[in-house]
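Okay, structure first, notes after.
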2 protein chains.
Amino acid sequence: MSAEGEELAGWARMLADGTRATVCLALLDGRAWTATELAKLAKVSRPTISEHLNLLVAGGLLTEVRQGRHRYMKLAGPETAELIEGLAALAPRRTEVANSLSAVSKRDAFARARTCYDHLAGRLGVALADAMTERGLIDWSDGIALTPEGQAWLEDLGVQVEVRRGRPAVRSCLDVTERRPHIAGAVGAALCSHALHHGWVTHISGGRALKVNGAVQAFGLSSGV
Amino acid sequence: MSAEGEELAGWARMLADGTRATVCLALLDGRAWTATELAKLAKVSRPTISEHLNLLVAGGLLTEVRQGRHRYMKLAGPETAELIEGLAALAPRRTEVANSLSAVSKRDAFARARTCYDHLAGRLGVALADAMTERGLIDWSDGIALTPEGQAWLEDLGVQVEVRRGRPAVRSCLDVTERRPHIAGAVGAALCSHALHHGWVTHISGGRALKVNGAVQAFGLSSGV
DNA sequence: CGGACAGTTAGGCCCCGACCGAAGTAACCC
DNA sequence: GGGTTACTTCGGTCGGGGCCTAACTGTCCG
């Protein structure tokens, strides 16, 4: 087997275990989880989860912050989050029949609006990206970039974009449910936190799903979300 | 572990083995390889490769055509190819120090121009995508699409685009070396075969790397390839 | 037909890695 | 201090899977 092959395989192995994949998927909500929470979620013992977390940190997918007796785990960064989200979108889904009433409504809420790491996703996220494109706020001609109009629009809304070295202002991220791009990067994060802060969207029961309050109007989207 | 986690993991497991990863990477050249060729490449016995190929076919990544005593293996389709190419681009590369003269020149040729499954990649592929965008031949506003001008340009060049149900005319594909998109899809394939047919590019020593003859002029690209 | 070649099946080896319980360390709190 | 909680380390079990050799099926060709 070739060196490149071994490299690709080594990376894929990180996600080739159900427990690790579950952990990564859970961390897509952008929050920091403790080891015990993850153990409970993945239904394995604490020693076992500890080992997996060590692996994922060594593999560069996760970072940890130790505070007292707690070990808080997060995805290493937006790129990692987008990579995992992208992979989950690409992997063909065969199962998914769950048809209980609560499961269906959960799934619907998830597809309508949710967070993807630190930005908006689901139909809401994609609609926002579409609207911004249509109004010339985003320029896709060379990769993806914010236009001067886009800059002005953000200022008008009062959105504070936190500029950080090494993080692109705007990035596209493949949406898991819509299979079309939504807006990530610093701007995506700023829009999401702005919307949360103003109550335009609110988290439903601690998961990634969002309740859409005034976001459609506030962002001036057409109705179909 | 969750159902989704198990699903993602099951898929990742396909590429989590060095031998299988090597096979998939090799098949990125878009050609059909026989089982024995792949066994030799991956440095395993024929029974071993046979088992791996069965797995990959069952997993939907590869398809096979049996002719007489030969078993020809191909990637299942352009989507699969783009998925693997994308993954390889995203996976962080740590190694890669090989500095012998021949290795360096090989790598340079590969980065300059190559095929990616059935379309053009490397600096040439990315430059072509850039030029087409700049001239308004491609519209990125809603995903990616060919403009009427783009249609006309292809006709002027005499490029025959083979329309096939289910395959988008134009798709973007993340370039492994450039980390920026190049043109895939039916149009990408047509441009590549057109260029090969007219000798604008030619394959170097049986690999994926291409020698650039008249392609820069023929496509009207600026010099920097 | 008989030999060469492509690929598969069968059987067995062996290692890796996922998992657990028990014991150890370290922080927090009364 | 002593009890509780969070996490890690250690030692060990167990199953899966990647690999091989040897023997078999099937195809091509002289």
Side-chain angles (χ1 to χ4, degrees), chain A residues 1-27 31-59 61-74, chain B residues 1-27 31-59 61-74:
Chain A
M1 61 194 89
S2 67
E4 308 163 325
E6 206 47 63
E7 199 169 308
L8 175 55
W11 189 88
R13 249 187 293 269
M14 285 287 128
L15 292 175
D17 173 76
T19 302
R20 285 195 296 272
T22 300
V23 166
C24 289
L25 252 20
L27 290 175
R31 286 179 303 187
W33 293 51
T34 65
T36 301
E37 285 171 337
L38 291 169
K40 208 169 177 185
L41 173 80
K43 299 196 176 88
V44 293
S45 71
R46 274 167 297 186
T48 303
I49 208 70
S50 182
E51 224 173 302
H52 284 304
L53 296 179
N54 287 341
L55 267 178
L56 287 166
V57 169
L61 278 89
L62 263 48
T63 54
E64 58 185 5
V65 176
R66 296 194 185 227
Q67 262 174 43
R69 54 184 168 178
H70 294 280
R71 182 189 194 181
Y72 291 102
M73 311 301 307
K74 292 187 63 167
Chain B
M1 60 195 90
S2 68
E4 308 162 325
E6 206 46 64
E7 200 169 308
L8 174 55
W11 188 88
R13 247 185 294 269
M14 284 289 131
L15 293 176
D17 174 78
T19 303
R20 285 196 296 273
T22 300
V23 165
C24 289
L25 252 20
L27 291 175
R31 288 179 300 187
W33 292 53
T34 65
T36 301
E37 285 170 338
L38 291 170
K40 209 169 176 184
L41 173 78
K43 299 197 175 86
V44 293
S45 70
R46 273 165 299 186
T48 301
I49 208 70
S50 181
E51 227 172 298
H52 284 302
L53 296 178
N54 286 341
L55 268 179
L56 288 166
V57 169
L61 278 88
L62 264 48
T63 54
E64 57 184 9
V65 177
R66 297 195 185 228
Q67 262 174 45
R69 55 183 167 178
H70 294 278
R71 183 189 192 181
Y72 291 102
M73 310 302 307
K74 292 187 63 167

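To find a chain, count down the sequence lines: A is the first, B the second, and so on, and within it residues start at 1. Heavy-atom basis, side chains included; hydrogens, waters and symmetry copies ignored.
Taking both residues in full, the closest heavy atoms of B:Ala16 and A:Ala16 are given as CB-CB, 3.6 Å, listed atom of the first, atom of the second, then distance. Across B:Ala32 and B:Tyr72, no two heavy atoms sit closer than the pair CB-CB, 4.0 Å.
Taking atom CG of A:Leu55 as the reference point, atom P of D:dT9 lies 13 Å away to the nearest angstrom. One can place CH2 of A:Trp33 at 16 Å from P of D:dA6, the figure rounded to the nearest angstrom. Here D:dT5 presents its P atom at 16 Å from CD of A:Glu37, a figure rounded to the nearest Å. Atom-to-atom, CG of B:Leu56 to C1' of D:dG18 comes out at 13 Å; the value is rounded to the nearest Å.
Note that CH2 of B:Trp33 and NZ of B:Lys40 are 11.0 Å apart. Values are rounded to the nearest 0.5 Å. The NZ atom of B:Lys74 sits 11.0 Å away from the CG atom of B:Leu62 when rounded to the nearest 0.5 Å. From A:Arg46, atom CZ reaches atom CD of A:Glu51 across 15.5 Å, with rounding to the nearest 0.5 Å.
Taking side-chain N and O atoms only, B:Thr48 has a distance below 4.0 Å to OP1 or OP2 of D:dC20. One finds no side-chain N or O of A:His52 lying less than 4.0 angstrom from the OP1 or OP2 phosphate oxygen of C:dG17. Under 4.0 angstrom from either OP1 or OP2 of D:dC20 there lies at least one side-chain N or O belonging to B:Ser45. Neither OP1 nor OP2 of D:dG16 sits under 4.0 Å from any side-chain N or O of B:Arg13. Taking 4.0 angstrom as the limit, A:Thr34 places none of its side-chain polar atoms (N or O) nearer than this to OP1 or OP2 of D:dA6.
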Check: protein-nucleotides 25-29 of chain D nitrogen or oxygen pairs below 3.5 Å:
| residue | atom | partner | partner atom | Å |
| --- | --- | --- | --- | --- |
| D:dT27 | O2 | B:Arg69 | NH1 | 3.3 |

Quick test: give all pairs of protein nitrogen or oxygen and nucleotides 8-16 of chain C nitrogen or oxygen below 3.5 Å, distance rounded to 0.1 Å.
| residue | atom | partner | partner atom | Å |
| --- | --- | --- | --- | --- |
| C:dT8 | OP1 | B:Arg71 | NH1 | 2.8 |
| C:dT8 | OP2 | B:Ser50 | OG | 2.2 |
| C:dT8 | O5' | B:Ser50 | OG | 3.4 |

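Comparing A:Arg20 and B:Tyr72 by the nucleotide of DNA chain C whose heavy atom lies nearest to each, the residue mapping closer to the 5' end is B:Tyr72.
A donor and an acceptor atom, one from each side chain of B:Thr19 and B:Thr22, are nowhere located under 3.5 Å apart.
Under the 4.5 Å side-chain criterion, counting only non-hydrogen atoms from C-beta, B:Arg71 is in contact with B:Ser50.
For the side-chain contact (heavy atoms from CB on, under 4.5 Å) with B:Val23, the lone residue among B:Leu15, B:Asp17, B:Ile49 that qualifies is B:Ile49.
For B:Asp17, whose side chain is taken as the heavy atoms from C-beta onward, the closest listed nucleotide among C:dG7, D:dC19, C:dC19 is D:dC19.
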Mind running side-chain contact (heavy atoms from CB on, under 4.5 Å) on B:Arg20 and B:Leu56 for me, showing each step along the way?
-> CA-CA 8 Å; B:Arg20 285 196 296 273; B:Leu56 288 166; 3.8 Å; yes

